[in-house]
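Below is one structure; the comments refer to it alone.
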Amino acid sequence: MEHMPEPKLFNVTECVVECMLDEVLHEEKMCTCRQCRLDVMALALNHLPPKYVVSEQGKAFEIYRLQGLAQSRVTVYQEILRAAQIVKQRPHHKRQQA
Ligand SMILES: [Zn+2]
């Protein structure tokens, strides 16, 4: 039986952020736990315009490659960096609220 790829809604901006995330976290020498990673992604993505495409599974990376390169990487990088600095100061994994 043929397994047809399923079309999915896909935010290219999210993929670009995800792909650049590790680089920024490493440079900032900050925590890379799941909580912190998702916090940084959420903060960054709230400041970046989403770019939705409908794609079959497996083509996602191809779309990232094509559109991710065309997108302003400097803008994305700056937003991740800004978000990383916020999360670094007040990481949710520690629950430091008084
Ligand atoms: Zn953490």
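In listed order, ligands and their atoms are each counted from 1.
Take a cut-off of 2.8 Å around the Zn ion (ligand 1): the protein N, O or S atoms inside it are C31 SG, C33 SG, C36 SG, H93 ND1.
A side-chain N or O of R82 and one of H47 form a donor-acceptor pair less than 3.5 Å apart.
Residues passing the side chain to side chain donor-acceptor pair (under 3.5 Å) test with T75, sequence neighbours excluded: S72. Under the rule for a side-chain contact (heavy atoms from CB on, under 4.5 Å), the partners of Q85 that lie at least two apart in sequence or sit in another chain are E28, L81.
When side chains are defined from C-beta on, L43 does not count as touching E79, because their heavy atoms never get closer than 4.5 Å. By the 4.5 Å heavy-atom criterion applied to side chains, L9 and Y52 are counted as neighbours.
Listed by first and then second residue, the salt bridge (Lys or Arg N to Asp or Glu O under 4.0 Å) pairs that reach into residues 12-27 are D22-R37, sequence neighbours excluded.
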